[in-house]
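Quick caveat: nothing in here was measured; it's all calculated off a predicted structure.
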Amino acid sequence: MVAYSGGVDSGYLAWAAHRELGDSMLAVLADSPSLARSQKHDALAFAEEHGIPLTLLNTRELDDPEYVRNDGERCFHCKDELFSAMKQYREQMSFKTIAYGVNVDDQGDYRPGQQAARLHGIATPLLDAGLSKSDIRHLAREAGLRIWDKPASPCLSSRIEYGRAVTLEALAAIERGEEALRELGFRQFRVRHHGEMVRIEIAPDELSRAMTPAMAQEFTRIFKSLGFRYVTLDVEGFRSGSMNQILPIEALKAC
């Protein structure tokens with residue numbers, strides 16, 4: 001069983017597992033309000049394109065007060081819920097192994113979800129093979145997989161500042177905001193939720209198009225309609241894991 005999100009890492013892992021094992025493997029897509037609908041639809045489409053066996057599991061991380069609290073361990077509680085649900089399903093389906101798509105580069109960032117994977121004994125084939133993100137993208141491109149250059153897109157909850165509760169309303173505002181940015185033609189971005197303020201991160205190579213008076217007006221129109229009082233554009237541009245910069249060093253070392 002492969003924990004599958006439709007991103008390049010889990011997508012390549014699911015494709016490779018299916019190539020080797022055929023229908024003796026199963027991709028498992030966790031569905032919850034923290035998964036953007038566009039990401040879900042694309043993940044389903046990719047699996048269908050390659051005939052990869054797939055099932056949807058409804059996960060209930062938002063029922064967990066520890067997850068909703070949204071401290072530095074949120075990702076641990078998310079993955080703990082995911083792997084617990086997968087292990088229960090595995091017992092019904094008689095699978096021996098659960099795997100997920102962590103890679104070498106993931107070891108250099110704060111990712112408490114990896115601790116949950118270790119506690120549940122989840123297999124890490126890409127990491128064990130010593131593959132970096134660029135290696136996986138290269139292999140996916142060689143295999144003709146359209147997701148080879150797909151931008152990373154972690155769960156919507158990762159856009160909410162630590163210490164602010166994860167709510168359905170916040171997740172919906174983030175999802176609608178990011179869909180609006182996608183419709184404007186931006187490719188890599190994040191909508192960071194800071195309560196009344198939204199902080200928009202755009203990839204550095206796209207910032208020049210974002211930093212115009214006309215686009216500022218459009219951002220203001222979009223995000224104020226979603227309930228934000230203040231609309232800001234982060235001039236440092238998009239960077240993965242920017243929310244982790246506020247965590248104390250002790251939390252980062254603990255992972």
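- Remark: aromatic rings of Tyr230 and His194 are distant, center separation not under 6.0 Å.
- Between the side chain of Lys40 and the backbone N or O of Ala30 there is no donor-acceptor pair closer than 3.5 Å.
- Among Asn58, Leu156, Thr59, the one residue that satisfies the side chain to side chain contact (heavy atoms under 4.5 Å, CB included) test with Ser32 is Thr59.
- Salt-bridge check for Glu201 with Arg199: passed, with a basic side-chain N closer than 4.0 Å to an acidic carboxylate O.
- Other residues, nucleotides and ligands contribute only 12 or fewer heavy atoms inside 6.0 Å of the CZ atom of Arg141.
- Side-chain contact between Val235 and Leu207 is absent, with no heavy-atom pair separated by less than 4.5 Å.
- Side-chain contact between Glu81 and Arg60 is present, with at least one heavy-atom pair separated by less than 4.5 Å.
- Considering Leu127, Asp135, Asp128 in turn, Asp135 is the only one that fulfils the side chain to side chain contact (heavy atoms under 4.5 Å, CB included) rule with Leu131.
- Salt bridge annotation for Asp234-Arg239: present, with a cationic side-chain nitrogen under 4.0 angstrom from a carboxylate oxygen.
- Within the 4.5 Å cutoff, the side chain of Ile136 has heavy atoms near those of the Asn103 side chain.
- Ion pair Arg190/Glu178 not flagged as a salt bridge, since none of the NZ, NE, NH1 or NH2 atoms sits closer than 4.0 Å to an Asp/Glu carboxylate oxygen.
- Expressed to the nearest 0.5 Å, how far CZ of Arg90 lies from CG of Leu26 amounts to 13.0 Å.
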>> Set out, in order, the CA-CA distance, both residues' side-chain angles and the distance that settles ring pair (Phe, Tyr, Trp, His ring centres under 6.0 Å) for Tyr89 and Phe95, then state yes or no.
In response: CA-CA 9 Å; Tyr89 191 69; Phe95 283 95; 7.9 Å; no
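- Within a 6.0 Å sphere centred on CE of Met211, heavy atoms belonging to other residues, nucleotides or ligands number 12 at most.
- When side chains are defined from C-beta on, Arg69 does not count as touching Asp64, because their heavy atoms never get closer than 4.5 Å.
- Salt bridge Glu179/Arg176: absent, no basic N to carboxylate O contact under 4.0 Å.
- Both cation-pi conditions hold for Arg209 and Phe186: the charged atom is under 6.0 angstrom from the six-membered ring centre and inside a 45 degree cone around its axis.
- Aromatic pair Tyr100/Phe83: ring centres closer than 6.0 Å.
- The main-chain N or O of Val198 is never found under 3.5 Å from a side-chain atom of His193 such that the two would form a donor-acceptor pair.
- The closest side-chain donor-acceptor pair between Ser5 and Ser10 falls under 3.5 angstrom.
- Salt bridge Asp31/Arg37: present, at least one basic N to carboxylate O contact under 4.0 Å.
- Cluster membership for Met25 and Val28, using ILVMFWY side-chain heavy atoms within less than 4.5 angstrom, is not shared.
- Below 30°, between 30° and 60°, or above 60°: for His50 and Phe46 the angle between ring planes is between 30° and 60°, a tilted geometry.
- Ion pair Arg137/Asp149 not flagged as a salt bridge, since none of the NZ, NE, NH1 or NH2 atoms sits closer than 4.0 Å to an Asp/Glu carboxylate oxygen.
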